[in-house]
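I have placed the structure first, in the form of structure tokens, so that the comments after it can refer back to it.
Keep in mind that what you see is a predicted model, and the values were worked out from it rather than measured.
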Amino acid sequence: MSRPAALTLPPWLAHALRAQRGPVPWSAVVRGALASGPLLLAAVLAGRASLGVVAAIAAMLAGINDRPGSRRASVKRLGAPALAGAAGLLVGTQAGEHVGAVTLTVLLTLVGLVAGSISAIGPVASGAGTQLLVASAIGAGMPVPEEGWLRALAYLAGAGWLIGLRLVLPTPGAIAGDFRFDGEREAVAAVYDAVGELLDAAGTADANTRRAALTAALDHAQDALAGPRLRRYASSSAERRLHAQYAAALPLAEAATALAWAGDAVSGRASEGPRRLAAAIRDNTHTGPLPAPSRSAPGLRALDDALLHAAEAFDRGKGSDLHTRRRGAGDVLRTAFGAGGREYGLRVALCFGAGVGVAQALHHARWYGDHTHWYWLPATAVFLVKPDLGPLVSRVLCRAAGTVLGALVFAGFAAVLLRPEGLIALVAVSGALIPVATRHFAAQTAVVTVLVLSLVMVGGEPQASAGRIGETLLACAIVLIVGHLPMPGQRAGGVRARLGVAVNAAHAYLAHVLRESDTHLVGDTRTRAGTARAGTARAGTPRTDSDARALRWTLRREAYRTLAAARAAVSLAGAELPALARHAEGADEVADTLEQLVDTTTACAVHLDDTGRLTPEHAERLVALLDELAGHRERVGLRPPDIPLAV
């Protein structure tokens with residue numbers, strides 16, 4: 001008798017039930033407890049409860065962005081959205097006081113168009129766009145007696161308070177070492193651990209997963225080292241050492257990727273060196289003797305050379321570049337107003353504008369009853385329209401379930417807690433739970449609902465659980481409708497835009513590697529220019545100077561980083577309902593081929609460093625992947641790359 005087939009959930013439902021895992025971020029929990037609650041208490045004691053509510057909202061939104069990482073990188077991650085929120089609060093307040101319902105709807109719709117387009121630039125810009133819209137809705141609708149500029153200052157004070165806590169309070173990683181470099185040190189050490197894990201996985205089915213984990217570790221370290229005063233020319237010996245340790249990991253990562261691409265297992269001795277380097281970073285000590293791997297293959301010789309270079313760099317501690325491509329104003333504008341930015345901006349504008357319009361209509365309708373908190377409707381729509389938080393239906397289901405749960409929990413607490421003391425304590429507890437609740441959108445929504453409803457009552461308004469549920473369900477309906485409306489141009493523009501950036505980055509990386517070696521790909525063969533130089537190339541003879549290698553590592557980082565961003569966008573698009581997911585069909589094939597192309601390019605670079613020439617197998621693999629990529633690109637509607645390869 002055959003067993004029944006296992007139940008397979010559709011992607012959109014499976015995503016809604018999936019939660020992130022990991023240790024409890026106790027330091028963030030402490031910061032959350034000390035953020036909104038104490039601010040609100042101080043304002044109540046000073047007789048300015050309304051300003052305390054505004055400051056607590058800002059601290060809450062900053063707490064949602066308070067993710068693991070270095071403390072100085074958090075200044076930009078938390079500060080930029082806070083500045084945008086303060087500007088939105090000021091704009092919303094002025095508009096709410098001086099224009100009518102129709103003009104207000106049009107104005108905030110335009111703000112939504114701009115904020116949505118800006119959000120396509122990156123994670124920090126996305127957070128800034130969110131707070132700009134949420135704060136503009138709050139400014140236009142929240143009944144606060146203070147003037148707009150005073151509200152904006154209170155908003156900045158609330159966010160600034162949490163940023164100050166992030167900079168001042170120690171974390172577990174800082175207690176054992178340098179207080180200033182807790183997140184930075186751990187991020188760089190994690191890169192070396194990821195190199196060791198990739199070496200252990202070489203020749204196994206886990207190699208691709210480990211290579212992706214190495215890319216994520218490098219991305220995280222790059223971000224951690226990019227905070228204020230951690231620039232190219234670092235200002236202290238500790239900063240210079242961290243930069244040197246990060247830079248020394250790049251050739252190690254390159255060699256490990258080449259070994260994994262070859263598909264042959266390596267001895268366990270090969271991964272001991274990177275792990276000892278990781279321990280030296282965490283303990284802030286010298287490396288000591290490092291075990292040398294075998295030098296029987298180009299990848300192993302590159303690994304051994306990289307270990308020697310790392311040991312020297314650790315002792316010398318000379319600062320180096322982060323190997324990050326600087327994005328100019330033109331690149332930023334192209335991202336914001338390109339196909340992906342236009343589509344997202346238009347969808348945000350429609351959702352936010354529809355939320356404002358419906359809320360204004362209900363607010364002025366006598367038959368609807370009390371609609372004091374009309375701004376909840378557009379503010380909720382902002383979070384629901386964000387693809388950062390998951391597929392559309394997953395976001396809607398989680399938001400609805402979390403709001404109902406949070407409203408019911410708050411109603412129970414409101415019936416027994418003292419006012420305002422008990423409600424302020426509930427705000428503090430909710431703030432402490434936010435860093436843990438961010439692992440699942442429904443849990444985050446439930447905690448935020450309790451916190452917001454507590455703030456409403458502390459501000460002197462009646463219990464509003466039922467109204468919160470109604471506004472949320474209405475916002476869910478609006479976003480579901482707008483999310484499935486046909487849009488001008490090609491759908492899945494955000495996915496295609498990220499894939500296009502990744503294709504250009506991969507071509508730039510490959511073109512540089514081929515240019516360094518004077519290698520041209522013609523059809524299914526490989527030719528070599530500069531025969532005099534090629535004839536003198538010997539195994540182990542460096543073929544590039546330090547500047548060329550630095551540029552190669554920069555291009556390699558950009559290729560892998562943009563590929564990771566494209567894969568994330570493809571994964572989210574694939575988890576949408578079939579009516580939306582079909583617009584991104586074939587995108588996963590482009591991402592798979594790109595990954596193989598970048599891995600192969602890395603293997604070619606390592607082989608060229610060692611021998612000065614490509615093997616026919618390398619060249620044939622490159623040509624096959626380029627042809628495959630061109631076919632996939634045409635099927636999904638991607639334009640040719642900006643950087644053609646020499647032929």
Side-chain angles (χ1 to χ4, degrees), residues 25 28-44 49-67 74 77-86 88-89 127-128 130-139 141-142 144 151-166 373 375-376 379-380 382-383 386 389 399 402-403 406-407 409-410 413 420 423-459 461 464 468 472:
V29 169
V30 172
R31 291 193 296 272
L34 296 177
S36 297
L39 282 173
L40 187 60
L41 176 61
V44 170
S50 57
L51 289 181
V53 168
V54 173
I57 290 174
M60 175 196 72
L61 293 173
I64 293 175
N65 292 326
D66 188 12
R67 303 300 175 89
S74 68
R77 187 172 62 251
L78 304 182
L83 289 173
L89 190 66
T130 299
Q131 289 202 34
L132 173 64
L133 294 178
V134 171
S136 64
I138 291 174
M142 179 180 283
V144 178
R151 300 185 198 183
L153 286 179
Y155 191 95
L156 289 175
W161 172 247
L162 184 65
I163 295 173
L165 292 175
R166 182 69 182 89
H373 308 105
Y375 56 92
W376 281 349
T380 301
V382 170
F383 287 104
K386 299 284 290 183
L389 303 174
R399 186 76 185 192
T403 299
V409 168
F410 174 76
F413 278 117
L423 295 175
I424 294 175
L426 189 57
V427 168
V429 172
S430 299
L433 291 176
I434 283 179
V436 180
T438 51
R439 298 176 180 181
H440 193 277
F441 190 38
Q444 175 185 310
T445 300
V447 173
V448 169
T449 298
V450 173
L451 195 153
V452 169
L453 291 174
S454 300
L455 293 176
V456 167
M457 290 194 71
V458 172
E461 299 181 43
R468 182 73 175 183
T472 295

Backbone N or O of Gly88 within a donor-acceptor pair of the Ser136 side chain at under 3.5 Å? no
Within the structure provided, determine whether Leu61 and Tyr155 are in side-chain contact (heavy-atom separation under 4.5 Å). yes
Decide yes or no for Val450 and Leu433: does some side-chain heavy atom of the first lie under 4.5 Å from some side-chain heavy atom of the second? no
For residues Leu453 and Ala464, report the shortest heavy-atom separation together with the two atoms involved. CD2-O, 3.6 Å
Side-chain contact test, heavy atoms from C-beta onward, threshold under 4.5 Å: evaluate it for Leu89 versus Val54 and give yes or no. yes
To the nearest 0.5 Å, what is the distance between CD1 (Ile64) and CD (Gln131)? 8.5 Å
Between Phe441 and Lys386, does the side chain to side chain contact (heavy atoms under 4.5 Å, CB included) criterion hold? Intermediate values first, please. CA-CA 12 Å; Phe441 190 38; Lys386 299 284 290 183; over 6 Å; no
Are the side chains of Met60 and Leu455 in contact, using a 4.5 Å heavy-atom criterion? no
Quick check: do Arg151 and Ile138 have side-chain heavy atoms less than 4.5 Å from each other? no
Between Val458 and Ile424, the two heavy atoms sitting closest are CG2-CG1, 4.4 Å
With side-chain contact (heavy atoms from CB on, under 4.5 Å) as the test, pick out the partner of Thr449 among Thr445, Leu451, Val452, Val447. Thr445
What verdict does the side chain to side chain contact (heavy atoms under 4.5 Å, CB included) test give for Val134 and Ile57, after you've listed the backbone C-alpha separation in whole Å, the side-chain angles of each residue and the deciding distance to 0.1 Å? CA-CA 10 Å; Val134 171; Ile57 290 174; 5.8 Å; no
Straight-line distance of Asp66 CG to Ile163 CD1, nearest 0.5 Å: 9.5 Å
In Å and rounded to the nearest 0.5 Å, what is the CD1 to CG distance from Ile434 to Asn65? 10.5 Å
Evaluate the side chain to side chain contact (heavy atoms under 4.5 Å, CB included) criterion for residues Arg468 and Phe410: first the C-alpha distance (whole Å), next the side-chain angles of each, then the deciding distance (0.1 Å), finally the verdict. CA-CA 11 Å; Arg468 182 73 175 183; Phe410 174 76; over 6 Å; no
Distance-minimising heavy-atom pair for Gly85 and Ala135: O-CB, 3.0 Å
Could you measure the distance from the CZ atom of Arg31 to the CH2 atom of Trp161? Nearest 0.5 Å is fine. 13.0 Å
Ignoring hydrogens, what is the shortest heavy-atom contact between Ala82 and Leu156? Give both atom names and the distance. O-CD2, 3.8 Å
Would you say the side chain of Val429 lies within less than 4.5 Å of the side chain of Phe413, judging by non-hydrogen atoms? no
Applying side chain to side chain contact (heavy atoms under 4.5 Å, CB included), run through Thr130 and Phe383 and close with a yes or a no. CA-CA 7 Å; Thr130 299; Phe383 287 104; 3.8 Å; yes
Tightest non-hydrogen contact, residues Pro38 and Ala33, listed as CD-O, 3.4 Å
Do the rings of His373 and Tyr375 sit parallel, tilted or perpendicular, given the 30° and 60° boundaries? perpendicular
Which pair of non-hydrogen atoms, one from His440 and one from Ala442, has the smallest distance, and what is that distance? ND1-N, 3.1 Å
